[in-house]
Amino acid sequence: MTTAEMGSVVLTLCILLAALHIFGYLFEKMRQPKLIGEIVAGIVLGPFILGKFAPEFSAKLFGVTVNGSNKMEVVLNFMYWIGLILLMFASGSEARKLVAKENRKETAWILGIGTPLPFLLVLFLGMSTTLLPLDAITGAAGKTTSALLVLAIAVSVTSIPVISRIFYDLGIIHTRFASLILGSAVLEDIILWGVLAVASGLTSTVHLTQDAMVSDITSHVFANFFYMAVGLTIAPKILKYIHDLPFNFLIRTSPVAYVLLILFTYTSVAAAFEINLIFASFIAGFGVIGGVGGSERERFSAPLESITEVAFALFVPIYFAIVGYKLNLGRDFSFTMLMIFFVGSSFLSILSVGLAAKLAGFKGLDIVNFAITTNARGGPGIVL
């Protein structure tokens, strides 16, 4: 990359960074999460708004084509993933008592009713009636089964990155409420992302037998659960032993680099075994602080704070901006379909989680809080 190309990239980052924090500040003043402002900034600077009036400038913000290669796109894609990984890592390091003993009853009710009930209802409606517009959301491969699975996932899933960021913005990431929601979401999403892998596989496979589907789902779920179990129990003990080794100079010379090394090791191992990087980075943060007991939290509080400040100043806002930029709100966007999905999926999710919270022993406003919080949507919802 030449000096001129680097200068263009840095200037683009300056514009993006200023816009993201301005929009985030404005939405914060309106008592809304900053991440909404960052997503809106991505929409405004993208093809849907700015692209209508200044298409070249809008395109340049998110992609500088030089000698046939899109340098800015490569840079932003890297920052997108670093932002997501750091967001989940910071959330994991702040989570308290994830899937702890006092949360197991509530987690079991949410996973037993709150997640499967809307999922199964959508599957039932899709297979037994014509109420769902599957043809309208089926892709070029023409696999209606894949579309139905994605729709069922989108109704059931809770977005860990989105809800983690909201908890951060509200300053409640360390509470039992946040740990209960995140713990349930992690376990829930392990299963749902396994189903999503099958849905994706169906679009590229001519025929997939029932046994193959079961095997695919089982392998994905088992791999993620095994990784999570090791990451929450065995790995923290190994890390604690490594922390205290006499020849471990990195922990003394640069604690920030040492913590980042742990994060990148967790995610590298996960990528090698096709484990979802969202879970891997979240569990890495939990592992750094000593696992369930959190015995190493005080030791690494300073480097974790430094990493979090940089992440939320640069990488995390860019992640949410790119999410906004990628939203297709152009000619093919159906506002009617959006509202039908929004109202229907929210009704099913809130009703099922509200019922689970009530059966778990919560009352009044607590039930409402759980039902609304778990309605935060992730990737599948945004895809639809």
Do the non-hydrogen side-chain atoms of [X] and [Y] ever get within less than 4.5 Å of each other?
X	Y	result
E106	R176	yes
I181	F370	yes
L13	M79	yes
Y319	P161	yes

List for me each residue that meets side chain to side chain contact (heavy atoms under 4.5 Å, CB included) alongside [X], sequence neighbours excluded, and say none if there are none.
X	result
A257	L250, S254
P33	L35, I36, I166, D169
A54	L50, F57
A371	I350

Within the side chain of [X], is there an N or O that forms a donor-acceptor pair under 3.5 Å with the backbone of [Y]?
X	Y	result
T158	T374	yes
S349	S156	no
R297	S93	yes

Under 3.5 Å, sequence neighbours excluded: what are the donor-acceptor pairs made by side chains of residues 15-28?
unit_1 : atom_1 : unit_2 : atom_2 : d
H21    : NE2    : A313   : O      : 2.7

Given Y258 and T253, is the side chain to side chain contact (heavy atoms under 4.5 Å, CB included) satisfied, shown in steps? CA-CA 9 Å; Y258 181 71; T253 58; over 6 Å; no

Test side chain to side chain contact (heavy atoms under 4.5 Å, CB included) on F247 and F249 and set out the steps. CA-CA 6 Å; F247 55 83; F249 300 106; 4.3 Å; yes

Considering all heavy atoms, the nearest [X]-[Y] contact:
X	Y	value
T373	N369	OG1-O, 2.6 Å
P116	I110	CD-O, 4.4 Å
S352	G114	OG-O, 3.1 Å

Calculate, to the nearest 0.5 Å, the distance between atoms [atom1] and [atom2] belonging to [X] and [Y] respectively.
X	Y	atom1	atom2	answer
T175	I172	OG1	CD1	5.0 Å
I278	I160	CD1	CD1	6.5 Å
Y241	L245	OH	CG	5.0 Å
W109	S184	CH2	OG	13.5 Å
E298	L304	CD	CG	12.5 Å

Is the Y168 ring parallel, tilted or perpendicular to the F312 ring (thresholds 30°, 60°)? tilted

Between F48 and Y325, is the ring pair (Phe, Tyr, Trp, His ring centres under 6.0 Å) condition met? List the steps. CA-CA 8 Å; F48 182 62; Y325 173 80; over 10 Å; no

Let's go through T115 and F119 carefully: what are the C-alpha distance in whole Å and the side-chain angles of both, what is the deciding distance for side chain to side chain contact (heavy atoms under 4.5 Å, CB included) to 0.1 Å, and is it a yes or a no? CA-CA 7 Å; T115 300; F119 183 88; 5.6 Å; no

Counting only pairs under 3.5 Å, give me each side-chain donor-acceptor contact of residues 262-273, with atom names and distances, residues two or more places apart or in other chains.
unit_1 : atom_1 : unit_2 : atom_2 : d
T265   : OG1    : L261   : O      : 2.7
T267   : OG1    : L263   : O      : 3.1
T267   : OG1    : F264   : O      : 3.1
S268   : OG     : F264   : O      : 2.6

Going by side chain to side chain donor-acceptor pair (under 3.5 Å), name the residues that satisfy it together with T308, two or more places apart in sequence or in a different chain. none

Apply ring-ring contact (aromatic ring centres under 6.0 Å, His included) to Y227 and list each qualifying residue two or more places apart in sequence or on a separate chain. none

List in chain and number order the residues that pass ring-ring contact (aromatic ring centres under 6.0 Å, His included) with F315, two or more places apart in sequence or in another chain; answer none if no residue qualifies.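 Counting only residues at least two positions away or on another chain, F315 forms no ring-ring contact (aromatic ring centres under 6.0 Å, His included).
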
What do the steps show when you test F167 against H174 for ring pair (Phe, Tyr, Trp, His ring centres under 6.0 Å), and what is the final call? CA-CA 9 Å; F167 285 156; H174 60 281; over 10 Å; no

Reference residue S345; test side-chain contact (heavy atoms from CB on, under 4.5 Å); the match among V155, L151, I340: V155

Just list the side-chain donor-acceptor pairs under 3.5 Å for residues 357-365, sequence neighbours left out, or say none.
none

List the steps and the verdict of side chain to side chain contact (heavy atoms under 4.5 Å, CB included) for V259 and I307. CA-CA 9 Å; V259 170; I307 293 171; 3.6 Å; yes

Listed once per pair and sorted, the salt bridge (charged side-chain N to carboxylate O under 4.0 Å, His left out) pairs that draw on residues 222-244, sequence neighbours left out: D244-R299

Does any pair with a residue in residues 309-318 pass side chain to side chain donor-acceptor pair (under 3.5 Å), and if so which ones, sequence neighbours excluded?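 Sorted pair list comes back empty.
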
same_hphob_cluster(I238, I251) at 4.5 Å side-chain heavy-atom cutoff: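 The answer is yes; both residues are in one hydrophobic cluster.
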
